[in-house]
Amino acid sequence: MAVNIEPVLVRYLVGLFPSLAAADRAGDGLTVVTAPPEEIYAVLKTLRHEEPFSMDTLGDLTAVDYPDRLEVVYHLYSAACGHKLAVKTSVAKGAAALPTVTGLWPAAEFAERETYDLLGVTFTGHPNLTRILLPEGFEGHPLRKDYSLPPRPATR
Amino acid sequence: MTTRTEVYTLNMGPQHPGTHGVLRVILELDGETVVSATPELGYLHRGIEKLAESRTYAQIIPYTDRLDYLAAMNTNLGYCQAVEKLATIEVPERAEYLRVIMAELGRIASHLIFLASIAIDLGGTTGMMYAFRDRERILDLFDAACGARMTFNYIRIGGVMADVDEAFLGGARTFLADFPAIMDEYHGLISGNEIFYYRLKDSSVVGRERALALGLTGPCLRAAGVDVDLRRDEPYGIYDRFSFKVPVGEKGDNWDRYIVRMEEMEESASIVAQALGALPDGPVMAKVPKILKPPPGEVYHRVENPRGELGFYIVSDGSTKPYRFHVRRPSFQNLLAVDELCRGGKIADVVAALATLDPVMGEVDC
């Protein structure tokens, strides 16, 4: 049974990475830790492999377009320890790039391709970072807020 | 003399029956042995996540019908519960029971399509006819409840659309009474068929460790021997009030994925029976404003769908429309295993592997 991660573990994690910010979010009470982009891989690697965390399952990976940044969200679970946690990081829109986590969770392969395709976040080191839902050669990233829909084709 | 073979490429689909609609699998073949299998997606992409950003919360429900259209009730339920969590809405007791009844009937209907499609994919037309015939009875019940036979729009934020009548309850009880005989028929016709058994046994194996690494969920994961079921482990709604077994496989071959779903149908029938027995009287809809404005915040809610773990990630900015709407679709994630399932097998096994993965492309392409 996956329950929200123990506060003591969150404090331990913040002790390891003092740049982290942790908060319980209002909507579902899940703890969210926010990491700077240059540290996100180290944080995720610790969560994946280190003993008190053992987050062995990547539940979901996606991104949100805010006016000033792109926020990438990872929802993690531990089948071994039975807890869950969300991790976030923000990247600038112009050069949105993060290291891939396919080495930590092979499950991330499709989710990272989708996030790249629809939101334009580049995952460096991904084995095959190509568009997944849209055709090759499609211009733009439709889930960005500034993406304008192409005009409807004229009907006869 | 040695025979020299050359690897060649074969496109399977998008119209092949084994791909259940619009999926292309690019096969690299050495003779008839699969060297690699690459799924190519996107033929059905409608941009539901983008559309949702310009619709009110209630207006999004019909889009969720069209995700996993073989289990629309379950998908509705996941979405409505996510919004209820976000906006803190209490659902009346009777509605909770009706939701469980619909979701579990939906699971049976969905697994019947799986059974039908694996039967016809492996050449058994009769098996398909029987499964469709029995699924029809569930569709009749859904028709009586909400007036739709496919893209059901019954579950609402705060409850369900309308109460069910005696005819529905009687029909559901009759279906449950007939269900053991229906299952016996399938086991006699399909499970007991030697050709079917040997086509599935020991082929397309994904073991425990790889299944977890690839992020498989639902029956595909349980078939690999991982005992997880969100209905039991992280109960949503009122699932903690029902007792049911979680069928688990041994090695994660095609046969395990088949038999796990067959056993799940029986468990679902038992849950429906328990819910019908305990169905309380009362209202079926909470007082919810017509135009919902959830407070700013985020929610990630996941439910156990027939195809695995369905998650809704919703970001609210306090307005009438979600700021960001993301769906974690089990079929999408499960397709990541196609390459591993097919590699080293024969071309004919690709069809069986796709059938036991049971992807629904409406959900894959979102």
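Computed from heavy atoms alone, side chains included, the values below leave out hydrogens, waters and symmetry copies. Proteins come first, then strands; the chains are lettered A, B, ... in the order of their sequence lines, and each starts at number 1.
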Practice prompt. Kindly indicate whether the side chain of A:Glu109, heavy atoms from C-beta on, has any atom under 4.5 Å from the side chain of B:Leu214.
Written response: no

Discussion item. What I'd like to find out is whether the side chain of A:Pro142 reaches to under 4.5 Å of the side chain of B:Glu49, using heavy atoms alone.
Written reply: no

Fill in: salt_bridge(B:Arg329, A:Glu114) N-O dist < 4.0 Å
yes

Discussion item. Minimum heavy-atom separation for B:Val299 and A:Arg25, please, with both atom names.
Written reply: C-NH2, 4.1 Å

Discussion item. So which atom in B:Tyr313 and which in A:Val73 form the shortest heavy-atom distance, rounded to 0.1 Å?
Written reply: OH-CG2, 3.4 Å

Worksheet entry | Pair A:Glu71 + B:Arg324, salt bridge at N-O below 4.0 Å | no

Practice prompt. Indicate yes or no: at least one non-hydrogen side-chain atom of A:His75 is less than 4.5 angstrom from one of B:Arg328.
Written response: no

Practice prompt. Tabulate, in ascending numerical order, the residues of residues 126-137 of chain A having at least one heavy atom closer than 4.5 Å to a heavy atom of chain B, or enter 'none'.
Written response: A:Ile132, A:Leu133, A:Leu134

Response to the item:
Tightest non-hydrogen contact, residues A:Gly59 and B:Tyr300, listed as O-OH, 4.2 Å

Worksheet item: Mind checking what makes side chain to side chain donor-acceptor pair (under 3.5 Å) contact with B:Arg46, not counting sequence neighbours?
Response: none

Worksheet, complete the sentence: Among B:Lys85, B:His326, B:Gln333, B:Arg210, the residue with the most heavy-atom pairs under 4.5 Å to chain A is B:His326

Worksheet entry | B:Val315 side chain reached by A:Tyr66 side chain, heavy atoms, under 4.5 Å | yes

Item to complete: Heavy atoms only: give me the nearest A:Arg144-B:Lys50 pair and the separation to one decimal.
Response: O-NZ, 3.1 Å

Discussion item. Out of A:Asp65, A:Leu30, A:Val32, return the one with the most heavy atom pairs under 4.5 angstrom to chain B.
Written reply: A:Asp65

